[in-house]
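Reckoned from all heavy atoms, side chains included, excluding hydrogens, waters and symmetry mates.
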Amino acid sequence: MSETPVTITVDGQPVQVPAGSTVLDACTAAGVDTPTICYAPNLTPVNVCRVCVVELEGSRTLVPSCSRRAEAGMAVQTDSERVRHSRKMVLEFLGSAVELDQAPQLDPWMARYGADPGRYGPAPATMDEPLRVQDDLYIRDYDRCVLCYKCVEACGDDAQHTFAIAVAGRGFGARIRTEFDTALPESACVYCGNCVAVCPTNALQFKTEFDLRQAANWRPEEHSVTRTVCSYCGVGCNLELHVQDERIVKVTSPSDHEVTNGHLCIKGRFGWAYVHGGADSDQT
Amino acid sequence: MFGAGGGTCSYQEIHEADVILLWGSNAREAHPIFFHHVMKGLDNGARMYAVDPRRTSSSRFADAWLGLDVGTDIALANAVGRHIIANGWHNPAFIEHSTSGFAQYAAAVEPYTLDEAERITGVPASAIADMAEAYAKADKAQILWTLGITEHHNGVNNVLALCNLALLTGHVGRWGSGLVPLRGQNNVQGGGDMGALPNKLPGFADVVDPEARARFEAVYGRPVPAEPGLHLTLMFEAMARGELRAVYCIGENPADSEADVAHTRKVLGDLDLLIVQDIFLTRTAELADVVFPASVAWAESEGTVTSSERRVQRVRAAVPAPGEARHDIDILADVANAMGADWGRPTAHDLWEELRQLSPLHRGMTWDRLDAEGGLQWPCPSEDHPGSPFLHGWLWEPDLGGRGPSPFSVVHHAGPTEELTAEFPLRLTTGRALDSYNTGVQSDGFASPIRSGDALDVNPADAARLGITDGERVLVSSPRGSVEMAVRLQPDLPAGLTFTTFHFPDEVDLNLITNDTWDPLSGTAEFKAAAIRIDRIN
Amino acid sequence: MTDIHLGPDRATEAEAAAIDAVVGASLGPAVLTPSERLVVGGTTRRNERRHLLLPALHALQHTAGWISPGGLNHICDTLQVPPAEAYGVATFYDLFRVDDPGHDRDVLHVCVDPACRIAGAADVIAAARAEGRPVQESPCLGQCERPVACFVQGRGRPDHTPADGDPPLVPQAGDPTLRLLRRVGVVDPTSLEAYIGSGGYRALTRAFTLGTEGVIAELEASKLMGRGGAAFPTGTKWRAVANAPGSPKHIVVNADESEPGTFKDRILLENDPFALIEAVTIAGFATGAARGWIYLRGEYPLVAERLTGALAQARAAGFLGERIARSSFNFDIELRRGAGAYICGEETALFNSLEGFRGEPRQKPPFPVTNGLFDRPTVINNPETLANVLGILLDGAATYAAIGTEGSTGTKLFCLSGRVARPGLYEVPFGATLGDLVDLAGGVTGSGRLRAVLLGGAAGSFVGPEGLSVPLTFEGARAAGVSLGSGVVMVFDDSVDMADVVHRIADFFRHESCGQCVPCRVGTTRQHELLAAPDGPPAGLLEEIDRAMKDASICGLGHTAATAVRSALALGLIGGQP
C-alpha cells in the first residue's frame with residue numbers, strides 16, 4: 001500500500017503528496033484554496049462543475065483538479081489568466097441560471113474571480129422549477145440546483161444504492177428526477193437523507209431547516225454541533241447533532257468517519273424527534 | 001468457542017471479501033449503514049448468498065437467495081460442512097493446527113447429505129452445494145448473522161453450526177475472513193463488555209474465577225458474588241415462581257417486547273416492587289411502583305457505547321434533559337447512596353477509568369484517545385496499541401498465542417419447538433422494518449413517509465386458500481392468544497410462512513402470540529418461530 | 001445492485017412481449033426463480049445485462065409509441081435497472097418520448113439543420129402538419145445530399161427513410177481509381193458472394209498471413225489517421241490496445257454519424273456493409289479482441305437492415321463466430337442502434353450509451369485504449385477509417401502511403417451539400433483544395449456567388465471565398481486554422497440568410513449538449529440566447545464564453561460549440577457588437 005509519494009509543482013512550488021492523491025489534494029497541500037462545488041471527499045469525483053480546473057503544463061485544455069491523479073513531474077498553475085477566466089465563467093453561468101442565495105460558500109469565490117452573473121441579458125434561461133414539499137422530512141427546491149450530481153451519487157452507488165433519483169433530460173433541460181417525476185413518497189426513496197447532506201446549494205433541505213427559514217428563525221451561526229453515536233442499531237454510526245435553542249434541528253455524520261463515510265439511514269437522520277417529544281411537538 | 005464474544009471482523013474488511021453468507025439477517029433494513037459496506041464488497045465483485053426464510057430486501061442483493069424453512073439452519077449448515085469435507089475443500093492444515101474435535105464433527109455431519117438437507121430445509125440441493133463450494137474455495141469469506149440465527153430455542157447451537165464452517169475452512173482470524181454477528185442495539189456489545197451478563201464481569205472476566213473476582217474485589221472494596229446471576233428469561237421464571245419479588249428495570253420495555261407478553265405483564269404486575277428507569281412512561285413503566293425519568297443516553301448524556309465491530313465510541317450530551325429527567329449514572333449513584341453506600345457523584349469518565357483498570361481489553365483506551373481517534377476497537381491493551389480490527393489472529397500463530405486449539409461443536413438439527421398442526425398450520429416469523437425500531441418507543445416520534453404499520457405478510461396462495469384479500473383485517477391466533485391485524489399479500493414469501501414487524505404494540509399487540517420458548521444457553525426467546533392460524537373476521 | 005422499487009403501472013402484453021423478445025434473444029432476465037426456495041440474481045447478473053437497456057427501450061418505444069410507465073417497469077424488473085435511472089436514460093434521447101403521444105401513427109422526423117433548412121425544411125414541415133401527420137423537428141438526419149431529409153419512426157412498423165429507394169448520390173460511382181467507394185453502386189451490398197467476388201475477405205486472409213504484429217506494423221507504416229475528426233494515428237491506437245493489459249478487449253465502430261453535414265458513413269455502409277465487417281474482424285484479430293460492436297445512429301434504418309443481413313451471412317459463412325475462416329481466431333460483432341443524441345458520437349459518451357447509461361462523455365484520461373467499453377481496452381474507429389484498412393493490407397503500406405501528401409496519406413471522403421450543382425459523396429486523394437472539391441461538385445448554385453463554406457460540420461468553421469485555396473489535408477487545414485472534421489463541405493451562396501444558419505447552429509449545440517458540465521450546459525444556452533440579442537450578439541462576451549467552453553468543458557462538443565459561430569462573426573456573416 002505504501003507506494004512512493006509523488007511530487008508535483010503547484011504554482012511553481014514543489015509539493016509532495018501520497019501516491020493516489022489528486023491534483024486537488026496537492027493544491028490543498030500547497031495551501032492553495034481551490035473552489036469546488038461538485039466535489040465531496042466521500043463521493044467519487046464526477047468532475048462536472050469544472051470550477052476546480054487548473055492549467056496543467058502540456059495539456060491543451062484545463063483539467064479538473066478534483067479527479068485528476070497527481071503524477072510525478074506534473075506542473076500546474078492555479079491562478080493563471082486561463083484558470084481565473086474559466087472559474088469566473090463557471091460561477092457566472094451558475095449564478096445566471098440558479099438561485100444561489102443559500103450557498104454562501106460561493107460568495108468569496110465569486111468575488112475573487114469577479115463573476116458577474118447579471119451580464120447575460122434581461123431574461124436568461126433559469127432552472128424555473130416549482131418547490132417540491134411532499135413529506136415532512138425534506139424538501140426539494142430545484143431552482144437552487146446546480147446539477148452537481150452529488151445527490152445522485154449519494155443515492156446511488158457511492159452510498160445508498162437506492163437510485164431513487166437520476167439526472168433526466170439533456171442539456172440545459174437536464175434535471176434531477178424520480179422516474180416520471182413521481183412524488184418522493186411513492187418513489188424508491190428510503191429517506192436516508194444522504195442526498196440532503198451532500199447538496200451544496202440547499203436545493204435539498206431538511207424540513208426542519210426549511211420551516212425555520214420560512215419563520216425567519218434559521219440561525220446557523222448560533223448552532224452547536226455535538227458528535228455522538230446513533231442509538232438505533234449496533235453499527236455505531238457517528239452523528240453530528242446540530243442544535244439551535246436547545247433543540248436538535250439537523251443531523252449529519254462526519255464524512256471522514258470510516259463507519260459511515262458521512263452517510264446515515266432514515267432512523268439516524270430523522271429518528272431524533274422523540275428527544276423533543278415527537279413529530280407533533282412545537283418546533284419553535 | 002473463541003473466548004471473548006464479539007464480531008471478528010471490521011466493517012472495512014467486507015469491501016475485500018470474495019464470498020459473503022448473509023444468514024438470518026436483513027441488514028439492508030436493520031443495519032443499513034453496515035449494509036453500505038456490504039454493497040461496496042458486492043460492487044467490488046463479492047458473491048453473496050442470503051439464507052433466510054424470507055426473500056428480504058437484503059436477499060435481493062444476493063447472487064442466490066436460499067429460502068430455508070424457519071428453524072432449519074443447523075441442518076443447512078451441517079450439510080454445507082459435510083459437502084465441503086466430502087469434496088476435500090476443507091483446510092486440513094488449519095484444522096490440524098488450530099482446531100480440535102474435527103473427527104467428531106465430521107462424523108456428526110455425515111447424515112446431513114444434500115438430499116437430506118433439501119428434505120429438511122426445502123432449499124434445492126444444488127444451491128446448497130453451490131454455496132458450500134463458493135464459501136470453501138473463497139480466499140476471503142465472511143458469515144454475517146443477526147436475530148434470524150439467535151432468536152430460536154437453539155440459537156446458540158445455530159451460532160456454533162456457523163462457527164464450525166469457519167473452522168473447517170480457516171475463514172476466521174485473517175483480514176477479510178470472519179464471523180460477524182450484527183448487534184441490534186447500539187450498546188448490546190458494550191453491555192456485554194461491561195459485564196451486564198449474568199456470568200461475566202467487565203471485560204469478560206468469569207464470575208466463577210476466584211482470581212478474576214479478587215481483582216474486582218480489590219477495586220470495588222467489597223465481595224463479588226461467586227455465582228452467576230440470572231438472565232432475563234430465568235428472571236421471569238423466577239418472578240413467576242414468586243422467588244424474585246423486586247425488579248429494577250433500566251431502559252427496557254419487556255411489557256411490550258417479551259414473547260408471550262400477556263404472561264410477562266402478569267408477573268411484572270405481581271411483583272412486590274417494580275422500579276423502572278426510562279425516558280418515557282412505557283407500558284412497563286405504567287406497571288411500576290417507582291419510575292425514575294432518565295435522560296436520553298445518546299443525546300443528553302456523556303458515556304461510551306460499543307458497536308458490532310467492537311469499536312468503543314463516545315456519546316455526548318447535545319441538549320439538556322427535559323424536566324426532572326437525569327443521567328442514568330446519577331440516578332444509580334443516588335439510589336446507591338440512599339441505600340447507605342458512598343459512591344459520591346461519579347462521572348462517565350470516572351467510571352471509564354475504573355473499567356480501564358479492570359479490563360485488559362480496554363486498558364489502552366484513554367478518554368482522550370476515544371475523543372481524538374473517533375473510537376477504538378478492543379482488544380486495546382495499552383496506550384500505544386492501535387486497537388484490533390479483527391479477532392483471533394492467534395489461530396494462525398505457530399503457538400496459537402499460547403492458547404488451546406479451537407474446538408468444533410457437534411450440533412444437530414432440532415426444528416422449532418412449536419410444530420405446525422391442523423389447528424395452527426402456518427408459521428409466523430418476525431423482523432424489523434427500515435424506518436422503525438423495536439417497540440416503536442423512539443421511532444414513532446418522527447413522521448416517516450414510508451411507514452406502513454404492522455401487517456401480516458401472507459403468501460397469495462395461502463391467502464386465496466383462506467379466502468382473504470390484501471388489506472383485510474383478520475384474527476391471528478397462536479396457542480397463547482390472538483391479535484387482530486391487517487393482511488398484506490407478499491408473493492416473495494414462501495407458502496406456509498407469514499411475517500410481521502413488531503413496531504406498533506399499541507395497534508397490534510403482537511407479542512400476545514409469539515413463542516416464549518427460550519434457549520437455555522442464551523436466555524433468548526424463539527421470536528422467530530410461532531405456529532399460528534388466520535381467521536377471517538366477519 | 002439495488003432494491004428495485006416499481007410503481008403500480010404494468011406493461012401491456014404487447015409491450016412485455018417486445019421487451020422479452022429483446023432480452024430473451026440475448027442473456028435473458030437478470031433474476032431467475034428456479035424454485036419457490038431459490039432465487040438467482042445479484043450484482044454480476046445485473047451488470048452483465050445493463051447494456052440491453054437501450055435495445056429494450058427501442059423495443060418499447062417502437063411498440064407503444066412512447067416509454068410508458070408500465071413498459072418501463074417491465075424493463076426495469078427484467079434487467080434490474082432502477083426506474084429513475086432508466087427514465088434518466090430514456091429522456092436523454094430524441095427518439096424516445098416519455099409522454100403519451102395520444103395517437104398510434106408513425107412520426108415524421110424532418111431535419112431543420114442548415115442544408116435542409118436552406119432547401120425548404122420549414123415548408124416540408126408545414127405541409128406535413130397540414131396533412132395532420134405527427135411531425136418532429138430533428139437535428140441533421142445525415143441525408144444532406146438529398147434535402148429535405150426525412151425519417152419515419154415507425155409505430156409497430158419498421159422505421160424507414162422515404163429516400164431509401166433512391167440510388168446513392170456518388171457522382172464518381174464506377175470510377176476504377178476509387179478505393180473506398182469502389183463497390184458503391186457496382187457490387188450488390190446484400191450479397192456476401194458478390195462481396196467475395198469483388199475481392200472481399202482477401203484482406204482478412206492477408207491479415208492472418210501477416211500476423212497480429214504484421215498487421216499493426218503495416219498500419220503504422222501507412223500513416224493512416226482516423227477519419228472521425230480527431231485524426232489520431234490508427235496504428236498507434238491498435239498497438240496500444242494490443243499491448244494493454246485486461247480482457248476481454250473490444251472493437252467499437254463509431255457509426256453514430258451525427259455531425260451536421262455528414263452522410264459518408266451512411267452511404268458507405270448502405271452500399272458496402274461487408275467491408276466494414278471484414279475490417280472490424282481484422283481489428284479484432286490484430287488487437288486480440290473478442291468482440292466487436294457497431295454503434296449505428298438510430299436514424300439509419302437502411303444501414304441497420306443491410307448490416308444485420310451482412311452480419312448474418314458472414315456468421316453463416318464462418319467469417320464470424322468460432323474459428324473464423326478455419327483459423328483459431330474467435331470473434332463476433334453485435335449491432336446496436338443509437339437513439340438520437342449527437343453527443344453519442346463522442347467516443348466515451350458512445351461507450352456509456354452502449355453500456356446502458358446516459359450518453360455522457362467521460363473525463364479523459366484514462367483513454368479508451370486502456371479503459372474503454374465496459375472499462376476494458378478498446379479500439380474505437382470511424383467506419384471510413386476502417387474501410388482504409390482493407391486497401392492498406394491488400395496493397396501494402398508503401399503503396400497506400402504514396403497516395404495523398406506526406407502528412408495525410410490515402411484518400412478522403414467529402415460530403416458535398418448545400419448550394420452546389422451535384423451534391424453527394426466524393427472520394428479524393430488528400431491534397432485537393434476546397435475549390436477543387438466545389439468544382440468537382442459542379443460549382444456554386446443559387447445566386448452562383450459563393451458566400452461561405454461550412455467546413456468540417458457544425459463543430460467546424462465557416463470559410464469565405466478566399467478559403468477555396470486551402471488544401472484539404474490535415475496539415476493544410478491546421479495551417480489555415482480550420483479542421484476537416486468529418487469531411488463536411490456545405491456550400492452557401494450569398495442569397496442565404498446566414499444569420500439564420502448561424503443561429504440554428506447555436507441552437508443545435510444547445511439542444512445537443514449532454515448537460516453534464518457547467519461550461520457547455522450553460523455556455524451553449526447563453527451563446528444561443530445572445531445571438532438573438534436585439535442589438536446584435538456581443539462579440540466580446542461570446543468570445544469569453546467560447547474560451548471557457550474550450551478550456552473547461554469535458555469533451556469536444558463543448559470545445560467546439562462556439563467555433564462556427566465565432567468564424568461567422570469573423571467573416572462578417574452575422575453582425576455583432578465588438
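- Neither the backbone nor the side chain of B:Ala321 comes within contact range of chain A, judged by heavy atoms closer than 4.5 Å.
- Looking at A:Gln160, both its backbone and its side chain come within 4.5 Å of chain B, counting heavy atoms on both sides.
- Residue B:Glu29 touches chain A through its backbone alone, counting heavy-atom pairs closer than 4.5 Å.
- Note: A:Phe210 and A:Tyr138 fail the aromatic proximity criterion, with ring centroids not under 6.0 Å apart.
- Ring planes of B:His37 and B:Tyr11: tilted class, angle from 30 to 60°.
- For chain B, no part of A:Val225 is nearby; none of its heavy atoms comes within less than 4.5 Å.
- For A:Asn261, the part sitting under 4.5 Å from any heavy atom of chain B is the side chain, from C-beta outward, and nothing else.
- At a 4.5 Å heavy-atom cutoff, the contact between A:Tyr191 and chain B is made by side-chain atoms alone.
- Most heavy-atom pairs under 4.5 Å with chain A, from the set B:Ile33, B:Asn187, B:Leu182: that is B:Ile33.
- In this pair, A:His223 and A:Trp218 present their aromatic rings perpendicular. The plane angle is above 60°, beyond the 30 to 60° band.
- With a 4.5 Å cut-off on non-hydrogen atoms, A:Cys189 touches chain B through its backbone but not through its side chain.
- The aromatic rings of A:Trp272 and A:His276 sit perpendicular, their planes meeting at an angle over 60°, well past the 30° parallel limit.
- Contact count against chain A (heavy-atom pairs under 4.5 Å) is highest for B:Arg314 among B:Glu309, B:Glu300, B:Arg432, B:Arg314.
- With a 4.5 angstrom heavy-atom cutoff, A:His263 touches chain B via backbone and side-chain atoms both.
- Ion pairing of B:Arg451 with B:Asp435 is present here, as a side-chain N (NZ or NE/NH1/NH2) and a carboxylate O approach within less than 4.0 Å.
- For A:Asp245, no part lies near chain B; criterion is any non-hydrogen pair under 4.5 Å.
- Per-residue counts of heavy-atom pairs under 4.5 Å with chain A were compared for B:Gln442, B:Gln313, B:Gln185; the largest is that of B:Gln442.
- In summary, the aromatic rings of B:Phe502 and B:Phe527 are positioned with their centroids too far apart to meet the 6.0 Å limit.
- Here B:Ser436 is the residue among B:Ser436, B:Ala297, B:Ala30 with the most heavy-atom pairs under 4.5 Å with chain A.
- Heavy atoms closer than 4.5 Å to chain B are found in the side chain of A:Val243, but not in its backbone.
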Carefully, step by step, assess A:Val196 and A:Arg269 under the rule side-chain contact (heavy atoms from CB on, under 4.5 Å).
-> CA-CA 10 Å; A:Val196 185; A:Arg269 184 79 70 187; over 6 Å; no

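- Look at B:Arg283 and B:Asp506 and you find a salt bridge, because one of the NZ, NE, NH1 or NH2 atoms lies within 4.0 Å of a carboxylate O, short of that distance.
- Only the side chain of A:Leu239 comes within contact range of chain B, with at least one heavy atom under 4.5 Å from a heavy atom of that chain.
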